[in-house]
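Structure first, then comments.
Indexing begins at 1, ligand by ligand and atom by atom, following the structure's order.
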Amino acid sequence: MATPDYTPFVFLLLLFQSGVWGVPVCQTPQESPTCGYKSCHATKPGMLNVHLVPHTHDDVGWLKTVDQYFYGDRNDIQHAGVQYILDSVVDQLLKNPDRRFIYVETAFFYRWWKQQTDDMQNTVKQLVNEGRLEFVNGGWCMSDEATTHYSAVIDQMTMGLRFLNDTFGHCGRPRVAWHIDPFGHAREHASMFAQMGYDGFFFGRLDYQDRNRRMVAREQEMLWRASESLTPPMADLFTGILPNGYNPPEGFCWDQSCDDPPIRDDPDLEDYNVDDVALVYKTNHIIMTMGSDFQYENANLWYKNLDKLIRYVNQMQSNGSEVNVLYSTPSCYLQELHRANLTWPLKGDDFFPYADSAHDFWTGYFTSRPALKRYERISNSYLQTCKQLEVLGGPISRKGPFGAGDSETLKKAMAVAQHHDAVSGTEKQHVANDYARKLANGWAHCQVLVSNTLSSLSGSSAPRVYCEHLNISVCPLTETMNVYNPLARPVSWPVRLPVNGTAYSISDAKGKVVPVSQATAAVRRGRGYAVNELLFQVQAPPLGYSTYSVSLLQNGPPSPPSPLPRAPTAVQNKVWVLWYNASDGNNSESIQMSGAYIFRPNTSTPFIISKTAKIETLQNSVVQEVRQWFSPWVSQVVRLYTDSRALELEWTVGPVPIGDDLGKEVISRLDSSINSSGVFYTDSNGREVLQRRKDYRPTWNLRQSEPIAGNYYPINSRAYIKDDKDQLTVVTDRSQGGGSIQDGSLEIMLHRRLLYDDVRGVGEPLNETSDIYPEGLVVRGRHLLSLSPPATAADTHRPLAQEVVLQPSSMDFEKEFSGLQAVLPPAVHLLTVSQWDQDTVLLRLEHQYQASESKEHSQPVTVNLQKLFSTLDMLGVSEMNLSANQWKDEMTRLDWKAESGTHHTGVTNQLCLLSPLGCVKTADLL
Ligand SMILES: *[C@@H]1O[C@H](CO)[C@@H](O)[C@H](O)[C@H]1NC(C)=O
Ligand SMILES: *[C@@H]1O[C@H](CO)[C@@H](O)[C@H](O)[C@H]1NC(C)=O
Ligand SMILES: *[C@@H]1O[C@H](CO)[C@@H](O)[C@H](O)[C@H]1NC(C)=O
Ligand SMILES: *[C@@H]1O[C@H](CO)[C@@H](O)[C@H](O)[C@H]1NC(C)=O
Ligand SMILES: *[C@@H]1O[C@H](CO)[C@@H](O)[C@H](O)[C@H]1NC(C)=O
Ligand SMILES: *[C@@H]1O[C@H](CO)[C@@H](O)[C@H](O)[C@H]1NC(C)=O
Ligand SMILES: [Zn+2]
C-alpha cells in the first residue's frame with residue numbers, strides 16, 4: 001500500500017463490481033464554445049449593468065399536488081401549468097437568440113422532457129448547448145432547509161443533477177445554487193452546495209433586520225464559510241441576496257397573471273430608479289429576477305416587453321444614459337461579480353430564524369405536520385435499506401420470486417418530499433396526503449425488492465411480513481423475526497412486538513412481556529387488539545440481518561408490574577408537557593396569527609397540561625418504565641432500557657382540543673440544573689452543530705420582539721445544553737422546532753393545531769385530522785436523552801442520532817448475514833450504498849465528527865476499501881464530487897477572497913480511503 005494521503009470529509013466513489021476492469025476515463029469535458037460562462041452577453045464596464053433574469057418558480061407541490069401543477073389541473077385552486085410554461089418558453093427562446101431562461105426543478109423538467117419528440121429534444125439540447133436555456137440548482141426540487149436531513153438532500157440533488165448530466169452532459173451542469181423561496185437558510189446546505197461544486201448561491205428570504213443592516217453596509221453579497229471542520233475553501237460558498245425576493249421590480253411584471261401595463265412603443269418609459277438598487281450592492285452590476293411563481297405560461301408577454309425594455313433603455317445611452325440592460329442568468333451575473341476581483345465579508349453562522357416583520361417569525365413550520373415529518377424520516381431510512389439490498393442482492397432484487405421491485409419509486413417520492421412546501425408542512429392538506437401516498441407507493445415497490453433480495457440470500461421464498469405500525473404496537477406476529485441494520489457497525493436495538501401470550505422464548509435473547517399501555521390501546525383505534533408487548537433487545541451486524549425466532553410458552557395475565565424504579569423518577573419531575581395558546585390575531589401589537597409557517601404564542605408563559613399524572617410503573621430485566629397519563633390527549637412514557645446509553649421519552653399528543661376556540665402548540669420541556677447561560681446548540685440538517693444564544697444573533701444587534709418564537713431554531717436530529725460538568729442532549733426522531741428560553745431548560749415543540757391561516761399563501765388553518773382520527777390528529781414520537789460530561793457527549797449522541805435516522809427494519813428472515821467484512825471505524829459513517837450503473841456502485845463515506853468535538857474521534861481515520869464488502873468484488877475506484885455529477889479531478893470552482901482574516905480553526909477530520917490503487921488522492925477543490 002502506498003503511504004496514506006488524507007482526503008477530506010465526505011467522499012464518493014464508484015466501485016466496479018464486475019465486468020471489465022478499467023480506470024474510469026476522466027475525459028476533459030468537451031467545453032462547448034457557447035454554454036456556461038462563455039455564453040454570457042457582454043457587459044459595459046463603465047456603466048451600471050442590469051442583469052435581467054427571466055425565470056419561473058415552480059413548486060413541486062404546494063396549493064396543488066405536483067401532478068396538478070405539471071398538467072395545469074385544478075386551475076380553480078391556482079392558475080399554474082408547468083407543461084405549458086416549458087412549451088411556451090422554448091418557443092419564445094427560439095424567436096430571439098439573445099433571450100435567456102433558467103430552469104430549476106428537475107422533477108418537472110424530467111416529466112416534460114419524456115413527453116417531447118426527438119426533434120424537440122434536439123432543439124432543446126441546442127438551446128442548452130448555446131447557454132440560452134440554463135439549468136440552475138438542478139436538484140429534483142428546491143429543498144426545504146430547516147426540516148430536511150442532509151442524507152435526503154444529497155440524494156435528491158444527486159437524482160436531479162444526474163438526469164441533467166445524462167441528458168445534456170457538461171452544458172447541463174448548473175453552476176449556481178438557487179434557493180429563492182425557502183424560509184431561512186441552513187449552513188449545512190451551503191456546505192453541501194460547496195462540496196457539490198457550485199460556484200455561488202442566491203436566495204431571497206432573510207430576516208428583515210439582517211437585510212436592512214446589510215443594505216446599509218453593502219453586505220448583501222458575502223462568502224459563507226459553511227463548516228467549522230473543513231479546510232477553506234472546501235466549504236466556502238459565495239452567497240448573494242436577491243434585491244426583491246425573487247419577484248420583478250414593481251411595475252415590471254408582464255406575466256399574464258400580472259396587471260402592470262405593457263411597454264408602449266414610445267421611448268417615454270416609466271422611470272424606475274435602478275441607481276437606488278445599485279446603491280446597496282458593491283459592484284456596477286445588479287440582478288433583476290423577471291418572473292415569479294408559475295409564470296411564463298404565456299412567455300410571449302414577458303419576452304416581448306423585455307425585448308422592448310432592453311432596446312429602449314439601451315438606446316438612451318446615446319443621450320448619455322449610463323445604464324445597460326441585458327438578458328442574463330444567475331451564473332452570468334456571478335461571473336461579473338467574480339471579475340470585479342473584490343473581497344467579500346465572511347459569514348459563519350446561518351440564516352435562522354427568519355422573520356419578515358417584528359411579530360412574524362417563520363418558526364412554526366419547524367414542527368408543522370409532525371406525522372408527515374416522521375414518515376419522511378423513516379422513509380429515508382427505508383430507502384437506504386432498499387438501495388443497499390439492491391446492491392447486495394444484485395439483479396434478482398429487481399426481478400425475482402416476488403415480482404418486479406425497484407428503488408426508483410421511493411427515490412422519486414423522497415426527492416419530491418424534500419421540497420420547501422413538502423416536509424416543511426406548509427402545503428394544503430390534500431397535497432400533504434398526496435406526498436404520503438407517493439411515499440407509501442415507494443415503500444411497496446421497495447418491499448418487493450427487499451423480499452427478492454432476502455429470498456435470494458436465504459434460499460427461501462416464504463412471504464415476508466413488514467411491520468410499519470410498531471409505533472402503536474400493531475404488527476402481525478410471525479414466528480421468526482428479522483432485523484436489517486443499514487449502519488456500517490453492529491447495533492443493539494430494543495424491539496416491542498404486540499402479542500397476546502404472557503411468556504415467550506426467543507432465540508439468542510431474553511424477552512419480557514408487559515401489558516399494552518392505556519395510551520397505546522387508545523391510539524390504535526381498532527387496528528390491532530394485542531393486550532401485551534414482548535420486549536427484547538436485538539443485535540444486528542453491519543449492513544446485515546439477524547434472526548430471532550419467537551415461540552409462545554404461556555398464555556394468561558401478565559405478571560403484575562414491579563415497584564417504581566429509581567432512575568426514571570429522578571427525571572419525571574423535570575420533563576413537562578405544556579402548551580402555548582396560539583395568537584388568533586386579536587392583539588394590540590400585531591394581527592399576526594400562528595399558522596403553518598408562523599409561530600406566535602399569545603403569551604410567553606406556557607400552560608402545564610396537568611401537574612398530576614395518572615402513573616403506572618413497571619420494571620423487569622429488559623426495561624423500566626413510568627407511564628404518565630396527563631390528560632385524555634397527552635401521555636408520556638419515561639423508559640430506560642437495561643444497558644441503554646439514553647433515556648427514552650415517548651410522547652403521545654392529540655387530538656389537541658379546540659373547544660375553547662384557541663389553537664395550541666404543544667411542547668415538551670426539560671428542566672435541569674445545568675448552568676447554560678443562555679446558550680444552547682442545535683444541529684444543521686442533521687450534520688454539524690451550531691451554537692445558539694438567547695435573544696442574540698452573531699451578525700447583527702438583534703431587537704427581539706417575540707421572546708419565544710424569536711428564540712426557536714430548527715432541530716433536525718439533536719439539540720443540547722451544557723456547562724462545565726454536564727451536557728444534556730436530546731436526540732429527536734424527526735425535525736422539530738425548539739429553544740432554550742430559561743437557563744438549564746430545553747423545550748421542543750411536538751405538535752400544533754391551529755384555527756387560522758397565517759396569510760403566507762397556503763390559505764388553510766393547520767388543523768390536521770385523518771380517517772382514523774377525525775376529531776384531530778394523534779401523533780406519537782420519541783426523544784432520547786443523554787446526560788454526559790461535555791468532553792465525551794458527542795461520542796454518545798453522534799452514533800445515537802445515526803441509529804435513529806437509519807433505524808433497523810424488522811422483517812422475517814432465516815439466517816444472519818452481513819454485507820460488510822469489516823466494521824467501519826466509529827468515526828466513519830456509511831452514508832450511501834446505491835447501484836449506479838450495471839457494474840458500478842455509488843458509495844459515500846463520511847467522517848461524522850466535527851473538529852474538536854471528540855477527543856477520541858475527531859481525528860484523521862483510514863478505511864480499507866478493498867476489504868470492506870463481503871459480496872462485492874471491487875475492481876476499481878474513482879472519486880466524484882458530493883452530488884456525483886462531476887469527477888473529482890475535473891472539479892474547479894471560482895475562488896473568492898474574504899474580507900478579513902479567516903475564522904477557521906484549521907482542523908480537518910480527514911478520511912483516507914485505501915483502494916486497489918493505493919490511497920485515493922483528492923485534489924483540493926480550488
Ligand atoms: C435623446 O434626446 C433627444 C433630445 O432630448 C430626444 O429627442 C431623443 O428622443 C432622445 N433619444 C432617446 C433614445 O432617448
Ligand atoms: C485582483 O486584485 C489583486 C489585488 O487585490 C491584484 O493583485 C490582482 O492582480 C487582481 N486580479 C485581476 C485578475 O485583476
Ligand atoms: C389477541 O386477543 C384479542 C382479544 O382479546 C383478539 O381480538 C386479537 O386478535 C388477538 N391478537 C393476536 C395477535 O392474537
Ligand atoms: C378543525 O377541524 C375540526 C375537525 O374536523 C372541525 O370541526 C373544525 O371546524 C376545524 N376548524 C377550523 C377552523 O378549520
Ligand atoms: C406510526 O407510524 C406510521 C408510519 O409507519 C405513521 O403514519 C403514523 O402517523 C404513526 N402513528 C403515530 C400515532 O404517530
Ligand atoms: C456526465 O455526462 C458525460 C456525457 O454523457 C459523461 O461523459 C460523464 O462521465 C458524466 N459525468 C459523470 C460524473 O457521471
Ligand atoms: Zn416555493
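Ring geometry for Phe163 against Tyr110 counts as perpendicular: the plane angle is over 60°, on a 0 to 90° scale with 30° as the lower cut. Between His51 and His285, the ring planes lie tilted relative to each other; the angle falls in the 30° to 60° range. Taking the six-membered ring for Trp and thresholds of 30 and 60 degrees, Trp112 and Phe109 have ring planes inclined between 30 and 60 degrees apart.
Remark: ligand 6 atoms within the under-4.0 Å shell around heavy atoms of Gln886 are 13 (C). Ligand-side atoms of ligand 4 in range of Leu755: 13 (C), range being under 4.0 angstrom from any heavy atom. Atom numbering of ligand 4 starts at 1 in the shown order; those under 4.0 Å from a heavy atom of Thr769 are 4 (C), 5 (O). Those atoms of ligand 4 that come under 4.0 Å of a heavy atom in Pro774, given as number and element, are 4 (C), 5 (O). Shown in contact with Met880 at under 4.0 Å from a heavy atom are these atoms of ligand 6, numbered in order with element: 13 (C). The atoms of ligand 4 that sit less than 4.0 Å from any heavy atom of Pro765 are 14 (O).
Using a 4.0 Å threshold on non-hydrogen atoms, atom 14 (O) of ligand 4 counts as touching the protein. Less than 4.0 angstrom separates atom 11 (N) of ligand 2 from at least one non-hydrogen atom of the protein. Taking a distance limit of 4.0 Å, we find that atom 4 (C) of ligand 2 is approached by no protein heavy atom. Distance check on atom 7 (O) of ligand 2: every protein heavy atom falls at or beyond the 4.0 Å cut-off.
Considering backbone and side-chain atoms alike, Trp887 places an N or O below 3.5 Å from some N or O of ligand 6. Backbone and side-chain nitrogen or oxygen atoms of Asn767 are examined, and one is located within less than 3.5 angstrom of a nitrogen or oxygen of ligand 4. Remark: ligand 6 and Asn165 share an N or O pair separated by less than 3.5 Å (distance only, no angle test).
Neither the backbone nor the side chain of Glu764 comes within contact range of ligand 4; no heavy atom lies under 4.0 Å. With a 4.0 Å heavy-atom cut-off, ligand 6 is reached by the backbone of Asn885 but not by any atom from C-beta on.
Formation of a donor-acceptor pair under 3.5 Å by the Glu336 side chain with backbone atoms of Cys332 is not found in this model. Listed for the Lys373 side chain is a donor-acceptor partner under 3.5 Å among the backbone atoms of Ser368. The closest donor-acceptor contact from the side chain of Arg752 to the backbone of Gly364 lies under 3.5 Å.
Using 4.0 Å as the threshold, Lys897 has a heavy atom nearer than that to some atom of ligand 2.
The ring-ring contact (aromatic ring centres under 6.0 Å, His included) with Phe238 is formed by just one residue from the set Trp224, Phe201, Trp344; it is Trp344.
At a threshold of 4.0 Å, the pair Arg600-Asp758 does not count as salt-bridged, since none of the basic side-chain nitrogens sits closer than that to a carboxylate oxygen. The pair Glu775-Arg525 meets the salt-bridge criterion, with a side-chain N (NZ, NE, NH1 or NH2) lying under 4.0 Å from an Asp/Glu carboxylate O. Of the charged side-chain nitrogens involved, at least one lies within less than 4.0 Å of a carboxylate oxygen, so that Lys411 and Glu408 count as a salt-bridged pair.
Under the 3.5 Å distance criterion, with hydrogens and angles disregarded, a donor-acceptor pair is assigned to the side chains of Thr158 and Arg844.
For atom 2 (O) of ligand 2, the closest non-hydrogen atom on the protein side is Asn341 ND2, 2.3 Å.
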